[in-house]
J.: 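Structure below; questions to follow.
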Amino acid sequence: MNFSVLQFPASNCDQDAVHAVRHFGHSARLVWHKDAALGDTDCVIVPGGFSYGDYLRCGAIARFSPVMQAVKQFADNGGLVLGICNGFQVLTEAGLLPGALIRNRDLQFHCENIFLKTATNDSPFTSQIPVGKILRVPIAHGEGCYFADEETLAKLKANNQILWQYCDATGNLTDTANPNGALQNIAGICNEKRNVAGLMPHPERACEPLLGSDDGKWIFESIFAALKNKTVAAAA
Amino acid sequence: MTEPAITPELVAKHNLTPEEYAHAVEILGRTPSYTELGIFSVMWSEHCSYKNTKPLLKTFPTKSPKILVGAGEENAGIIDIGDGIAIAFKIESHNHPSAVEPFQGATTGVGGIVRDIFTMGARPVCAVNSLRFGPITPDVAADVSRRTSSPEEGQRGLTSTTTNGEADAQLKNNRRLFAGVVSGIAHYGNCFGIPTVAGEVYFDKTYQGNPLVNAFCLGVLRHEQITRGAAKGVGNPVFYVGPATGRDGLAGAAFASQDLTEESAEQQRGAVQVGDPFMEKLVCEACLELLATGCVAGMQDMGAAGLTCSTCEMAARAGTGIEIELDKVPQRAPNMSSYEIMLSESQERMLIVVHKGREEEVKRIFDKWDLPWSEIGIITDTGHMKVRHGGKLVVDIPARKIADESPVYQREAIEPSYLKDVRAFRLDGIADTTTPVEDLKKLLAWPSIASKNWVYRQYDHQVRDGSVVLPGSDAAVIRIKTDSLPVMSAELAAKVGDPTVSEKLIAMTVDCNGGYVYLDPYEGAKIAVAEACRNLACSGALPLGATDNLNMPSPLKPELFWQIKESVRGLAEGCKAFNAPVTGGNCSLYNQSPAGPIDPTPTISVVGLIEKIEHVTTQWFKDEGDAIILLGDAVDQADPIFGLGGSAYLQVIHGKKNGSPPRCDLEVAKTLHTTLIGLIQSGLVKSAHDCSEGGLAVALAESCISQLIARDTPRLIGATIDLSALKDVRLDALLFGETQSRVVISCQALDAVKVVERAKLMGVPAAQIGKVGGDKLTMKTATGEFSAPLTELHDPWWNSIARAMA
């Protein structure tokens with residue numbers, strides 16, 4: 001499977017995403033932000049970092065880059081797109097995902113491991129996560145507080161679009177487990193068509209036991225499974 | 001543009017002595033131009049020339065078969081770590097700028113050191129920092145006031161001379177500086193995308209008004225990728241890359257080499273540069289991409305003294321000349337004078353010498369990254385650095401002479417008289433503790449000992465997918481993987497074949513207890529090295545090399561220069577003993593505010609290698625039932641004050657920063673470290689934590705409470721300790737004394753006898769002192785039994801800094 005990892009100026013988790021995908025035996029390559037085409041791609045990862053220095057607003061400039069037009073088209077055609085951290089911010093700015101990521105409620109950058117509850121297995125990004133499994137994955141962001149108006153939030157819930165929520169070690173969605181003040185402890189969501197997802201935590205940093213946790217692999221395994229099913233379906 | 005006439009006053013304003021000026025005139029054979037005067041001023045500042053410390057620095061051990069680039073040769077030293085891989089690392093201070101503008105002072109400190117690393121052709125993979133501020137909590141501020149006399153006049157006064165209002169304002173200012181520096185480091189490091197994996201923070205009155213900010217960076221590369229900062233190849237073009245030059249940071253190097261005064265905050269604000277991590281990230285990526293083309297003949301960052309230092313040093317190293325045209329330098333402001341352009345310290349700029357005929361590659365790559373670039377000059381064979389501006393020759397200086405013939409001073413050193421009182425200090429007037437649990441809680445809450453989670457949580461410490469041991473253990477550990485390395489040139493790739501490298505584990509730490517060094521510079525500096533190496537040993541690593549940062553007061557006072565001299569002697573001996581050659585470092589002198597000089601603080605960062613992933617060891621206890629063993633003597637009975645000299649206990653509980661610090665026998669320390677590493681490599685050790693500030697009780701408490709599973713989820717695991725066999729020893733010395741060369745380890749109960757016997761066989765005192773388990777820390781001593789629930793120990797330790805900063 002071919003993964004395209006976007007590279008904006010000052011993306012800084014791009015190589016980590018490539019590393020994680022290759023770690024699982026799949027191929028990944030960086031796609032420059034000025035490129036207007038993605039090439040042969042099964043899944044796009046919009047990686048973490050500080051695209052364009054996060055000047056103006058996180059992700060606000062990246063959405064105008066040529067590669068994002070290609071990503072929009074790829075998503076419209078049903079391609080899988082995963083935005084991680086800054087990538088999630090870029091996807092909301094680009095209108096591929098609803099809502100916005102605003103400044104953490106304590107105004108500080110947070111780098112720490114958090115616990116994640118998977119709200120639904122019904123998505124290409126969560127299907128393989130064992131039911132009831134609490135994932136331990138790092139976050140590293142200053143602006144990860146998920147916000148949306150009530151109508152959007154109601155729609156997210158009605159359509160089962162909330163994928164991950166911050167929780168404590170036993171899976172309770174408590175306020176202290178919420179590192180940034182996100183509404184409903186939301187850590188990650190998908191679009192209505194369920195082919196585009198974004199999350200603030202970094203699954204690519206939790207794919208090897210040596211790094212303290214390999215819980216992130218479940219998210220990658222879900223994507224691999226979805227792509228495999230797609231290939232099977234296409235062949236059939 | 002009319003330039004001012006060169007007068008003795010103007011010379012003095014440039015911090016050049018009449019003798020130095022006369023030497024400059026002799027080198028030139030004429031009166032310097034205004035721009036040339038500025039160039040001599042910065043090139044001969046302490047920051048660039050080490051004129052006061054050069055004779056001392058020569059005493060550092062700098063050789064080992066593994067050193068590929070040694071101290072003083074280049075922007076950073078490089079050490080071989082096997083399989084054709086090497087690491088480049090260095091530490092550098094940004095103290096003065098951070099005192100004036102903490103956020104930008106810290107950002108540019110990080111930016112500068114990161115540039116020093118990628119300038120060598122290495123990819124920066126992690127950062128570390130060492131910080132010092134005035135107190136942020138009132139308890140200690142009220143107990144120990146800043147000395148009212150200079151150190152040579154006696155030990156620091158213990159009665160407060162400040163009113164409550166003043167004390168309050170000082171606390172607030174200390175917190176402002178602390179918060180500003182931490183957010184500056186976070187801003188720059190996080191955006192650049194470098195994990196800040198370790199560090200240390202101390203709070204003490206001596207740093208009030210003169211905080212210390214030392215930033216360390218480590219990068220990785222293949223041996224063949226080492227890039228030199230030499231202006232090689234006559235006729236080769238010289239490129240300027242990176243953002244335009246502005247008036248910011250004019251003569252920052254000269255500013256860094258002066259005393260901080262009341263006025264400096266206002267006057268010198270223009271000398272503080274502004275950092276842009278976004279630019280740095282682009283410049284780094286573009287430079288590494290450019291290096292992979294093989295078109296680069298030499299590269300140097302424009303750090304201290306900007307364009308001046310980079311052109312001079314590059315020409316001096318290669319023995320060539322360099323000619324540049326200032327009209328071609330990208331400029332941010334109109335009408336900049338040649339003086340301003342040459343001395344500006346605008347950030348994120350690089351000077352690159354390219355093989356003639358390969359100019360197009362610079363253009364292609366820097367255009368790709370949307371970065372400004374300009375061909376500004378050429379390498380010549382004249383040996384002169386020539387600068388033209390507006391059609392006129394404004395600078396013509398023999399490059400090697402200005403770089404190599406900087407003045408060198410043998411300063412006078414006199415032992416300060418306060419040390420007599422320090423050495424005479426005894427515990428006679430100090431009653432032994434009767435409230436050890438209360439004392440322990442106070443020590444755990446003391447910001448210098450308390451968990452630094454408020455700090456490191458603001459730093460991205462996991463980006464780059466390599467952080468194996470995160471901040472919060474004795475040393476940080478990172479893994480170096482194939483894709484950590486810079487992209488290879490086609491030629492190198494063909495030579496290397498399969499690019500895959502076996503993963504390497506690198507451990508690093510930075511240490512210095514400035515209070516010890518004040519109380520005994522030689523012993524204190526040895527302790528700094530010993531502690532750093534002990535931290536490495538606890539994590540399973542053998543030292544590879546070290547980088548030092550001398551944060552010192554003025555060298556012009558003999559009593560203060562004595563502190564510098566003795567500190568360097570201690571560092572040098574320590575580094576020799578542990579086979580940790582110094583590969584480079586930084587000197588920051590004149591660290592004193594109107595209230596007095598800082599404690600001499602020779603920060604030392606030691607980097608080590610861990611052979612296998614199974615050897616990586618962390619400080620917290622692991623499993624119920626494990627045996628707890630103390631390696632080393634519980635108390636140094638030959639020390640008249642039993643390891644309490646300069647201790648955190650005396651400072652926190654008794655308001656005294658006094659007494660000779662614990663003795664550091666380097667042979668004993670070395671034996672301990674090799675024994676510990678041997679035990680770790682045999683797979684016997686489940687946790688290892690060194691005893692430092694706060695002594696055995698704090699080390700045990702930290703072993704019980706310092707594991708963090710995730711946000712708001714510590715893992716607490718208790719211990720029952722029995723020290724009752726140790727009689728005839730003061731309880732405070734036993735629990736809180738800081739006797740050197742001690743480590744608390746844990747192992748499976750079944751292995752305990754084996755571990756103790758093996759250690760003894762190696763000549764290391766060892767005894768099982770307890771067992772892991774429960775939800776309390778219980779300590780039985782000859783005086784009685786004390787116990788505290790872990791939650792009551794964890795809370796002050798984990799939260800005290802956050803509470804102070806709330």
Side-chain angles (χ1 to χ4, degrees), chain A residues 7 9-20 22-23 32-34 47-55 85-86 106-116 134-142 166-170 174 176-179 202 204-213, chain B residues 123 179 182-183 185-196 276-282 284-286 368-371 453-454 456-471 477-479 481-484 503 505 613 616 618 708-713 715 802 805-806:
Chain A
Q7 191 181 29
S11 288
N12 62 32
C13 306
D14 46 344
Q15 287 158 345
D16 298 357
V18 168
H19 179 82
R22 288 182 183 162
H23 173 76
W32 188 237
H33 66 109
K34 292 177 190 171
F50 286 67
S51 56
Y52 300 89
D54 273 352
Y55 290 128
C85 197
N86 191 229
D106 68 358
L107 307 181
Q108 283 186 357
F109 190 94
H110 277 249
C111 176
E112 56 191 340
N113 281 304
I114 48 85
F115 292 114
L116 274 189
I134 305 297
L135 307 183
R136 192 165 64 92
V137 180
I139 56 164
H141 60 249
Y166 302 109
C167 65
D168 66 13
T170 47
T174 64
T176 46
N178 184 342
H202 285 276
E204 83 282 16
R205 295 185 187 181
C207 288
E208 294 163 80
L210 139 125
L211 300 177
S213 169
Chain B
R123 174 169 281 287
V182 168
S183 59
I185 292 171
H187 170 70
Y188 207 95
N190 297 353
C191 178
F192 181 82
I194 190 162
T196 302
D276 182 352
F278 172 62
M279 269 296 157
E280 179 109 331
K281 171 72 175 168
L282 304 191
C284 174
E285 294 299 334
K368 172 189 162 186
W369 288 92
D370 294 321
L371 286 167
N453 67 82
W454 185 87
Y456 61 72
R457 204 192 53 210
Q458 297 185 53
Y459 304 149
D460 189 338
H461 45 260
Q462 291 174 290
V463 62
R464 300 211 63 80
D465 240 0
S467 306
V468 175
V469 176
L470 308 182
V477 179
I478 61 157
R479 61 110 178 236
K481 53 194 191 330
T482 305
D483 57 20
S484 307
E503 291 190 354
L505 294 159
I613 184 71
V616 173
T618 46
L708 183 68
I709 304 291
R711 173 184 172 78
D712 210 31
T713 317
R715 177 171 183 256
M805 300 305 289

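The chains referred to below are lettered A, B, ... by the order of the sequence lines, with proteins before strands, and numbering in each begins at 1.
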J.: Taking side chain as everything from C-beta outward and backbone as N, CA, C, O, which of these in B:Lys481 sits under 4.5 Å from a heavy atom of chain A? Side chain, backbone, both or neither.
T.: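 Only the side chain of B:Lys481 comes within 4.5 Å of chain A.
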J.: Using non-hydrogen atoms only, which part of A:Arg136 is less than 4.5 Å away from chain B: side chain, backbone, both, or neither?
T.: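 When you check distances to chain B, only side chain atoms of A:Arg136 fall under 4.5 Å.
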J.: Hey, are A:His19 and B:Asp483 close enough side-chain-wise for a donor-acceptor pair under 3.5 Å?
T.: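 Yes, A:His19 and B:Asp483 have a side-chain donor paired with an acceptor closer than 3.5 Å.
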J.: By a 4.5 Å heavy-atom criterion (distance strictly below it), what part of B:Thr713 contacts chain A: side chain, backbone, both, or neither?
T.: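 It is the side chain, since no backbone atom gets that close.
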J.: Is there a donor-acceptor pair closer than 3.5 Å between any side-chain N or O of A:Asn12 and the backbone N or O of B:Asn190?
T.: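 Yes; judged by distance alone, with no hydrogens or angles, the pair exists.
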J.: Would you call B:Val463 and A:Asp16 a side-chain contact if the rule is heavy atoms closer than 4.5 Å?
T.: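 Of all side-chain heavy-atom pairs linking A:Asp16 with B:Val463, at least one is under 4.5 Å.
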J.: Keeping B:Arg464 on the side-chain end and A:Gln15 on the backbone end, is there a donor-acceptor pair under 3.5 Å?
T.: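 Here the side-chain-to-backbone pair does not exist.
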J.: Identify which part of A:Ser11 has an atom lying under 4.5 Å from any heavy atom of chain B, answering side chain, backbone, both or neither.
T.: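 The answer is the backbone of A:Ser11.
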J.: With under 30° as parallel and over 60° as perpendicular, where do the rings of A:Tyr52 and B:Phe278 fit, or are they tilted in between?
T.: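 Because their plane-to-plane angle lies in the 30° to 60° range, the rings of A:Tyr52 and B:Phe278 count as tilted.
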J.: Is chain A contacted by the side chain of B:Ile709, its backbone, both, or neither, given a heavy-atom distance below 4.5 Å?
T.: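 Contact with chain A involves both backbone and side-chain atoms of B:Ile709.
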J.: Side-chain contact test, heavy atoms from C-beta onward, threshold under 4.5 Å: evaluate it for A:Gln108 versus B:Met805 and give yes or no.
T.: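 Side-chain contact under 4.5 Å: no.
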J.: Measuring heavy-atom distances to chain B, does A:Tyr55 have an atom under 4.5 Å in its side chain, in its backbone, in both, or in neither?
T.: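 Side chain only.
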J.: Below 4.5 Å from any heavy atom of chain B, which atoms of A:Asp54 appear? Answer side chain, backbone, both or neither.
T.: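 Looking at A:Asp54, nothing touches chain B.
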J.: Donor-acceptor pair, distance only, cut-off 3.5 Å: does the side chain of B:Arg457 make one with the backbone of A:Glu112?
T.: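 No, the answer is negative, given that no donor and acceptor are paired below the 3.5 Å cut-off.
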